[in-house]
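The block underneath contains the structure these notes are about, expressed in structure tokens.
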Amino acid sequence: MTASTRPGLSPTAEKALREAMHTIGALANTPLLTLQRLLGKTTGREIADRARGHDLRPVTPGAAPASRTARHDFPHDELDPGQHRRALLALAEQLGADLRHTRDAAGTLTLDIRYADRSHTTRTRTLPEATNHSAALTQAAYRIYDHLALQRARVRTITLRASGLRPAADAHQQLLLDASDDKSRQLEKAADTARARFGPDAVFPASLAPSP
């Protein structure tokens, strides 16, 4: 990094630094008194400290990402709706795992389909409730896709984006009396544990298994 890119310098101080030295390394090796003579007592001290990696300013954590995206590129223009849905399943599984890893839940799902002629279609759906449950994301993605009613579309790329993120602990989960949903979430939790231990490809839906 050049000395002229250091933040917090006045134009006069920046000009003085630019004329005297050109790298952070040079700054770090410059005696404090030299910098104070060039920049003034206070600014010289601050620049010397920061060049040496000493910065007592409080650190403000960055904002959480506004969205998470998963993308699938077909090796050729894909006409088969079954392959489109297979890609959607894989993308929703990936998004769900990513969201659970960061303990986020998505309130909105966006599907973008790019075709062989480079045109594309984008549709967004607000979810009934914020979720990081892969099955819920998959069903929402299928509904968006089915609503497009594509007719022999030559699809090149499918992108799925989860947005409207919020802490999963703050997301409302409807009370379901469906035992299969509870079982699905328990299996999902076990799969996340296996992926954390053995890698992201340790567990995946049977329909995503490679063909023999």
Side-chain angles (χ1 to χ4, degrees), residues 65-165 168 171 173 176 178-212:
S67 64
R68 290 194 171 275
T69 301
R71 168 175 163 167
H72 179 83
D73 295 303
F74 290 104
H76 52 76
D77 300 338
E78 185 58 70
L79 287 159
D80 184 1
Q83 291 301 317
H84 300 166
R85 294 174 73 87
R86 189 172 189 269
L88 285 172
L89 172 60
L91 295 176
E93 285 284 329
Q94 179 183 334
L95 282 181
D98 289 346
L99 289 169
R100 292 190 299 276
H101 178 72
T102 57
R103 300 181 181 179
D104 290 320
T108 305
L109 197 64
T110 298
L111 172 63
D112 183 272
I113 297 183
R114 187 167 296 276
Y115 307 103
D117 62 1
R118 298 189 178 181
S119 64
H120 70 101
T121 301
T122 302
R123 293 291 185 272
T124 298
R125 171 168 295 201
T126 299
L127 303 175
E129 61 180 7
T131 186
N132 56 21
H133 185 29
S134 293
L137 295 171
T138 300
Q139 292 306 312
Y142 284 167
R143 285 193 291 269
I144 301 173
Y145 174 83
D146 291 343
H147 187 73
L148 294 177
L150 300 180
Q151 299 294 326
R152 294 189 59 77
R154 296 162 58 88
V155 175
R156 181 71 57 81
T157 301
I158 296 179
T159 303
L160 202 59
R161 183 171 68 254
S163 55
L165 303 189
Q173 181 181 335
L176 299 177
D178 186 351
S180 63
D181 181 78
D182 182 63
K183 181 179 179 180
S184 173
R185 292 177 186 273
Q186 291 298 321
L187 290 173
E188 190 172 73
K189 184 177 180 179
D192 288 342
T193 299
R195 293 188 187 106
R197 183 174 181 182
F198 300 110
D201 297 327
V203 181
F204 47 82
S207 57
L208 295 179
S211 300

Legend entry - Euclidean distance, H76 NE2 relative to R156 CZ, rounded to 0.5 Å: 11.0 Å
Inset, instruction - Kindly write out the residues that satisfy side-chain contact (heavy atoms from CB on, under 4.5 Å) with T138, not counting sequence neighbours, or none if the list is empty. - result: L89, A92, Y142
Inset, instruction - Could you pull out all residues at least two apart from R85 that satisfy side chain to side chain donor-acceptor pair (under 3.5 Å)? - result: D146
Inset, instruction - For S163, check side chain to side chain donor-acceptor pair (under 3.5 Å) against everything at least two apart and list the hits. - result: none
Inset, instruction - Return each pair, listed once, that meets salt bridge (charged side-chain N to carboxylate O under 4.0 Å, His left out) where at least one residue sits in residues 131-143; pairs must be two or more places apart or across chains. - result: none
Legend entry - Which atom of I144 lies closest to which atom of L109, heavy atoms considered: CD1-O, 3.8 Å
Inset, instruction - Give the minimum heavy-atom separation between A106 and L127, together with the two atoms involved. - result: O-CD1, 3.4 Å
Inset, instruction - Heavy atoms only: give me the nearest L111-A141 pair and the separation to one decimal. - result: CD2-O, 4.4 Å
Inset, instruction - Can you run down the ring pair (Phe, Tyr, Trp, His ring centres under 6.0 Å) pairs that involve residues 100-121, sequence neighbours left out, and say none if there aren't any? - result: none
Legend entry - Test side-chain contact (heavy atoms from CB on, under 4.5 Å) applied to L79 - qualifying residues, sequence neighbours left out: R152, R154
Inset, instruction - Sequence neighbours left out, what passes salt bridge (Lys or Arg N to Asp or Glu O under 4.0 Å) with D80? Give chain and number order. - result: none
Inset, instruction - For residues R71 and T159, report the shortest heavy-atom separation together with the two atoms involved. - result: CG-OG1, 3.7 Å
Inset, instruction - Verify side-chain contact (heavy atoms from CB on, under 4.5 Å) between L137 and L99, making sure each step is shown before the conclusion. - result: CA-CA 11 Å; L137 295 171; L99 289 169; 4.1 Å; yes
Legend entry - Note, R161 side chain near D112 side chain (heavy atom, < 4.5 Å): no
Inset, instruction - Could you tell me which residues satisfy side-chain contact (heavy atoms from CB on, under 4.5 Å) with R103, sequence neighbours excluded, listed by chain and number? - result: none
Inset, instruction - Using the test side chain to side chain donor-acceptor pair (under 3.5 Å), find all partners of R125 that sit at least two apart in sequence or belong to another chain. - result: none
Inset, instruction - Any chance you could lay out the side-chain contact (heavy atoms from CB on, under 4.5 Å) test for L150 and I113, step after step, and finish with the verdict? - result: CA-CA 10 Å; L150 300 180; I113 297 183; 3.9 Å; yes
Inset, instruction - Without swapping roles, check the side chain of R86 against the backbone of G82 for a donor-acceptor pair under 3.5 Å. - result: no
Legend entry - Atom of N132, atom of A168 and distance for their closest heavy-atom approach: ND2-CB, 3.7 Å
Legend entry - Listed partners of Y145 passing ring pair (Phe, Tyr, Trp, His ring centres under 6.0 Å), at least two apart: H84
Legend entry - I158 to A87 - nearest heavy-atom pair and separation: CD1-CB, 4.3 Å
Inset, instruction - Identify, with sequence neighbours excluded, every residue that meets salt bridge (Lys or Arg N to Asp or Glu O under 4.0 Å) alongside R114. - result: none
Inset, instruction - Name all residues meeting the side chain to side chain donor-acceptor pair (under 3.5 Å) criterion together with T102; count only those two or more places apart in sequence or in a different chain, and write none if there are none. - result: D104
